[in-house]
2 protein chains.
Amino acid sequence: MSTKSSPRAPQRPRTASPNRRERATDLRAAGSAAVPTFKPIHTRRTFEEICERIREQLALGVLKPGDKLPAERELAQQLGVSRNVLREALRSLEMAGVLRLQKGVKGGAFIQQGDTRRMNEVMRDMLSLGTISVRELSEARVHVLDLVVQLACANARRGDLDALEANIERTELATKEGRLLDRVECSREFYKLLAASTGNKVIAMIVDSVTEIHMRFVYAKVASSGVAMARLAEKRRQFLAALSERNVALASRLLRSHLESVQRMLEQDPGAMSLHVALADVQPGLRR
Amino acid sequence: MSTKSSPRAPQRPRTASPNRRERATDLRAAGSAAVPTFKPIHTRRTFEEICERIREQLALGVLKPGDKLPAERELAQQLGVSRNVLREALRSLEMAGVLRLQKGVKGGAFIQQGDTRRMNEVMRDMLSLGTISVRELSEARVHVLDLVVQLACANARRGDLDALEANIERTELATKEGRLLDRVECSREFYKLLAASTGNKVIAMIVDSVTEIHMRFVYAKVASSGVAMARLAEKRRQFLAALSERNVALASRLLRSHLESVQRMLEQDPGAMSLHVALADVQPGLRR
DNA sequence: TTCCATTGAATGGGTGATCCATTTAATAAT
DNA sequence: ATTATTAAATGGATCACCCATTCAATGGAA
């Protein structure tokens, strides 16, 4: 508070908290004219303020992917906070996929391209915390994939179909050579390619997030029991043929039927369906 | 690491980094038998390790919502890291909605119920960073809402319909009294209720995330131009009637038609559609 | 006894100084 | 011209504090 006349502020500038309090109160007052109850303020902490400040610059277009933030020591001084608390904010933004921190001279905090895998983490956390259930996730996946088939039939381009074709060939090879877990990887990629073929990254992101979790269950099931979906590549080819002919009804029916058979396979042994097995540890290929 | 025989470790246990290096290398080696190229390791930092450790406990069910982590000072000592770096990890988890940090004696880090609003943040960041476009978001929203109508017709319960009815009444009141921005708030809530009526929290979360952004645009448009959708409550009533009769085709048609007219309203003045206006600052009601 | 004010300990919030490890550019040596 | 060395900048991490908040325990007043 006060004047802050000293050039390097040798004594503590311990003014952050009271200032924030005032600001929060102002915001509430501006919210609506006559407020009946007024409890929920929940004083802002500096790292929240910092995160928000940076996100604001992002939304305003002042910061764009590729840009570099000032060095930690300098930015901390600019913001009038300690380097430690600034790092808490930067860490949060890094975990959020907004920043990438790079060491060394010419290093720094660089704004990143958005990482759509963040949504996977959200789904995973919601499942871990019991906010959503496996049943809801599976159901949502079926419905969303149905939508994907419609959009893919409408929008898939030649390159998308070729990529799916190549994926099916890899699946066949993995099947022949008995690499069951690699085949699960192929499946995961198949749905990713299918989602991408809709041409809509929002849809693709949603599909990926539900599929990523689902594939962990499949992976765990295959790894523990050794069973595997029969005639997988063949079914994929039929589906791709329907997709290529833009036959929505057929493609939709084929996919739904396949999803149901996978679901039956998974539910066959409820013990292996435990969240813990599927979520707990990190399989080599399924991780970023 | 070594023996760590001293009880309180007065000298620095500066051994963290080299250990992590070794561990990362081991992981890579275990990843596959014969690796052709080996570049991407990207040494793990302690805060990542900590986050992962805690998430692992979550997935394993050792930690559940409501549980409390040890105090920062103690947990830091248990993990053999400094309190500051532990706080970086806790901050990240707090931003992720996994933890809530509470001050005071009997305070601590408490595992939370999952907060589905996290997905909104993801969408917002992806849009800010240019990873997804407004067009993709709008398109996805239309398709997802179409799906929602199907599911709502199938699954909506009496309470859901009553809540929608009550929402429409609030909308009428706001319209009569000319509170245009409150009416936008009602719209946001309408879609939230509609999404909830599917009975599937995954679907609801997805719908909310795309709707939240969309409503920012509507809010900005209404706030700047003062225009507002005509006959809103009336259209809502028609839609709700169709929903109550489980008439999927009619409900779907009504909603789609409404969405299109809103879209026309928004696109009428492209200037007001700027990302910056919609995303930059925080409207009182639209914020957590 | 009951109730309320005081106190003190535990806890998260925050600061500043200091060191380490990595990276890169500038410089020197070959 | 090439290669090795050095120096500076930067993120990574630690330590030692201090502050503000919260709540249980304590003790005095009614």
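Numbers restart at 1 for each chain; the letters A, B, ... are given by sequence-line order, proteins then strands.
Contact annotation: B:T46 reaches the phosphate of D:dA13 (side-chain N/O to OP1 or OP2, under 4.0 Å). Remark: A:R87 is in phosphate contact with D:dG12, judged by side-chain N or O atoms under 4.0 Å from OP1 or OP2.
Atom CG in B:L90 sits about 12 Å away from atom C1' in C:dT11, given to the nearest Å. The separation between A:E72 atom CD and C:dA17 atom P is 16 Å, rounded to whole Å. One atom, CD of B:E88, and another, P of C:dT15, lie 14 Å apart when rounded to the nearest Å. Rounded to whole Å, the distance from CG on B:L79 to C1' on D:dA13 is 14 Å. Straight-line distance from the CG atom of A:N84 to the C1' atom of C:dA17: 10 Å, rounded to whole Å. The CG atom of A:L86 sits 15 Å away from the P atom of D:dA13 (whole-angstrom rounding). In this entry the distance linking NZ of A:K68 with C1' of C:dT24 reads 11 Å, nearest Å. When rounded to the nearest whole Å, the span between CG of A:L69 and P of D:dT10 equals 13 Å.
For B:L101, counting side-chain heavy atoms from C-beta on, the closest listed nucleotide (D:dT10, C:dG13, D:dG12) is C:dG13. The side chain of A:K106 has C:dT24 as its nearest neighbour among C:dG13, C:dT24, D:dT14. Each of C:dG14, D:dT14, C:dT24 was ranked by its minimum atom distance to the side chain of B:V85; first place goes to D:dT14. Distance from the side chain of B:R73 is smallest to C:dG12 among D:dC15, C:dG12, D:dG12. Of the candidates C:dT24, D:dA16, D:dT10, D:dT10 carries the atom nearest the A:A71 side chain, counting heavy atoms from C-beta on. Here the side chain of B:K103 is nearest to one of D:dC18, D:dA20, C:dT15, namely D:dA20.
Mapping A:Q102 and B:G104 onto DNA chain C by nearest heavy atom places B:G104 at the nucleotide closer to the 5' end. Nucleotides of DNA chain D nearest to B:V105 and A:A109 differ in position, and the one nearer the 5' end is that of A:A109.
Looking only at distances, a side-chain donor or acceptor of A:R118 sits under 3.5 Å from a matching main-chain atom of A:A96. Between the side chain of B:K68 and the backbone N or O of B:G107, at least one donor-acceptor pair lies under 3.5 Å.
At a threshold of 4.0 angstrom between heavy atoms, the contacts of A:R100 with the nucleic acid are absent.
Interface remark: the A:R83 side chain does form a donor-acceptor pair with the D:dG12 base, using a distance-only criterion of under 3.5 Å. On a pure distance criterion of 3.5 Å, no polar donor-acceptor pair joins the side chain of A:R45 and the base of C:dG14.
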Evaluate A:I111 against A:K64 for side-chain contact (heavy atoms from CB on, under 4.5 Å), listing each step before the verdict. CA-CA 6 Å; A:I111 310 290; A:K64 295 177 297 299; over 6 Å; no
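Salt bridge absent: B:E121 and B:R117 never bring a charged side-chain N and a carboxylate O closer than 4.0 Å. Contact check on A:R45 versus A:E88 returns no salt bridge, with no Lys/Arg side-chain nitrogen under 4.0 Å from an Asp/Glu carboxylate oxygen.
In this structure, the side chains of A:Q78 and A:L75 come closer than 4.5 Å at one or more pairs of heavy atoms.
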